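Structure first, then comments.
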Amino acid sequence: MDHSKLILKPGLEGIPVTQSSICDIDGKKGKLLYRGYEIGELAQKSSFLETAFLLIWGELPSSSELRDFEAEVQMHRRLSFRVRDMMKCFPESGHPMDALQSSAASLGLFYSRRAIDDPKYVYNAVIRLIAKIPTMIAAFQLIRKGHDPIQPRDDLTYSANFLYMLTEKEQDPLAAKVFDKCLILHAEHSLNASTFSARVTASTLTDPYAVVASAVGTLAGPLHGGANEDVIAMLESINKPENVSSFIENSLRDKRKIMGFGHREYRVKDPRAIILQQLAEELFDRFGKDEMYDVAKRLEKEAIPKLGAKGIYPNVDFYSGLVYRKLGIPRDLFTPIFAISRVAGWLAHWREQLGANRIFRPSQIYTGSEPRKWTPLEQR
Ligand code: CMC
């Protein structure tokens, strides 16, 4: 095959692969909009469920639509005993992202009617995935501690209920408020790797549980959602603000990336990092400071003069781990929490993909052997 006219773009940088009306990013100005609404305004005025509705159905809900959506999500928070029992068989040492990926995929077994052109099926799948993912994460957390998962509480909001199911106690309303804002901030980000993965899977017309499971698997990697865990590990390894200069120097010399820095889209500080830093400070004012915050601030201050010229600034993951840690969330749940939120974006892209579907099937530039003759085993 003649490959001479093909131009390779590793990572598909700058190559549009779809049209989308869900999210717009201006990486030079540091702007992020969901369906035309600025992320700062949504974080201030909306709730996660309202934002999820906006992303998935395209418009802000009316008050009755929001009431119904919240009520449906609340009704579907519970997990079948079969899913809970399946999760009890997972190894305790397994990563919660793997537990989530398997559990999300298992929903396809329970709701197997793949009627993706039936609006009722689509609506129910959206509700189930948004409702059950937090319950799955909380259940795995309790199971691996040797406890039985606890049932969701209907008197608590989406975020307050998740923190309750995770920690087995009702948390301060500020914790639930901050957590809900974190979910809004992470809900959508155009064609990031996991969303692209969701769209590729969706384009085969498989079921939405498989779409979300494939996206969860993609989100788990350290260059994507997994970076927020690595940021905390990095800050702890630096340990004190005085060690920051040598850490940066050594990292740049050894060509090691500074975790929580850099983004394919942004050339300035990620707007979500700005809000997450404010949320972290709000939590520190109420519940006491995390000493790693001083390390993070010093790292930001000293890294920007060295990396800013390349457009490398703190991304969404730089401060999110500090927020989650202050909320008492174990480090290996940071990425699953990202999934609680990003499922809204994945589902919006699932619907959009189905609206104008063509299966993804890119080409490649072959670099293997010329055609050759088979060598019998005894002659090799
Ligand atoms: N620290 C130091 N140098 C960096 C960093 C960093 N964090 N990020 C990029 N660079 C440099 C890189 O070394 C390269 O330099 P040069 O041109 O001299 O070789 C240049 O910047 C371009 O880097 P790249 O890796 O080709 O950029 P990319 O667009 O392919 O990757 C990224 C984007 C986010 C994967 C990358 O910046 C990175 O690995 N960052 C650290 C991991 C991280 O924080 N990931 C979370 C991303 S945001 C949330 C999400 O998407 O889930």
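Just follow the structure's listing: the first ligand is 1, and inside any ligand the first atom is 1. Note that this is a predicted model, so its numbers are computed, not measured.
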Show every donor-acceptor pair shorter than 3.5 Å between a side-chain atom in residues 371-380 and any protein atom, with sequence neighbours excluded, or say none if there are none.
{"residue": "Arg372", "atom": "NE", "partner": "Ser369", "partner atom": "OG", "Å": "2.9"}
{"residue": "Arg380", "atom": "NE", "partner": "Thr375", "partner atom": "O", "Å": "2.9"}
{"residue": "Arg380", "atom": "NH2", "partner": "Thr375", "partner atom": "O", "Å": "3.1"}

Practice prompt. Quick one: which residue pairs count as a side-chain hydrogen bond (donor to acceptor under 3.5 Å, both in side chains) with a foot in residues 216-226, not counting sequence neighbours?
Written response: Asn192-His224, Ser194-His224, Ser197-Thr218

Fill in: Near-ring test Phe360/Phe196, centroid separation under 6.0 angstrom
yes

Worksheet item: What about His186 and Phe334, are their ring centers closer than 6.0 Å?
Response: no

Practice prompt. Give every residue pair that meets the side-chain hydrogen bond (donor to acceptor under 3.5 Å, both in side chains) criterion with at least one member in residues 161-172, sequence neighbours excluded.
Written response: His147-Glu168, Arg153-Glu170, Thr167-Gln171, Asp172-Arg286

Practice prompt. Let me see the working for Glu229 and Tyr324 under side-chain hydrogen bond (donor to acceptor under 3.5 Å, both in side chains), right down to the final yes or no.
Written response: CA-CA 10 Å; Glu229 280 186 50; Tyr324 296 148; over 6 Å; no

When you pair each N or O of ligand 1 with protein N or O atoms, which pairs come out under 3.5 Å?
{"residue": "ligand 1", "atom": "1 (N)", "partner": "Ile258", "partner atom": "N", "Å": "2.9"}
{"residue": "ligand 1", "atom": "7 (N)", "partner": "Ile258", "partner atom": "N", "Å": "3.4"}
{"residue": "ligand 1", "atom": "7 (N)", "partner": "Ile258", "partner atom": "O", "Å": "2.7"}
{"residue": "ligand 1", "atom": "7 (N)", "partner": "Phe261", "partner atom": "O", "Å": "2.8"}
{"residue": "ligand 1", "atom": "15 (O)", "partner": "Lys310", "partner atom": "NZ", "Å": "3.1"}
{"residue": "ligand 1", "atom": "18 (O)", "partner": "Lys310", "partner atom": "NZ", "Å": "2.9"}
{"residue": "ligand 1", "atom": "25 (O)", "partner": "Lys257", "partner atom": "NZ", "Å": "2.4"}
{"residue": "ligand 1", "atom": "29 (O)", "partner": "Arg264", "partner atom": "NE", "Å": "2.6"}
{"residue": "ligand 1", "atom": "30 (O)", "partner": "Arg264", "partner atom": "NH2", "Å": "3.0"}
{"residue": "ligand 1", "atom": "39 (O)", "partner": "Lys257", "partner atom": "NZ", "Å": "3.3"}
{"residue": "ligand 1", "atom": "40 (N)", "partner": "Phe261", "partner atom": "O", "Å": "2.9"}
{"residue": "ligand 1", "atom": "44 (O)", "partner": "Gly260", "partner atom": "N", "Å": "2.8"}
{"residue": "ligand 1", "atom": "44 (O)", "partner": "Asn315", "partner atom": "ND2", "Å": "2.9"}
{"residue": "ligand 1", "atom": "45 (N)", "partner": "Leu223", "partner atom": "O", "Å": "3.4"}
{"residue": "ligand 1", "atom": "51 (O)", "partner": "His224", "partner atom": "ND1", "Å": "3.2"}
{"residue": "ligand 1", "atom": "52 (O)", "partner": "His224", "partner atom": "O", "Å": "3.1"}
{"residue": "ligand 1", "atom": "52 (O)", "partner": "His224", "partner atom": "ND1", "Å": "2.6"}
{"residue": "ligand 1", "atom": "52 (O)", "partner": "Gly225", "partner atom": "N", "Å": "3.4"}

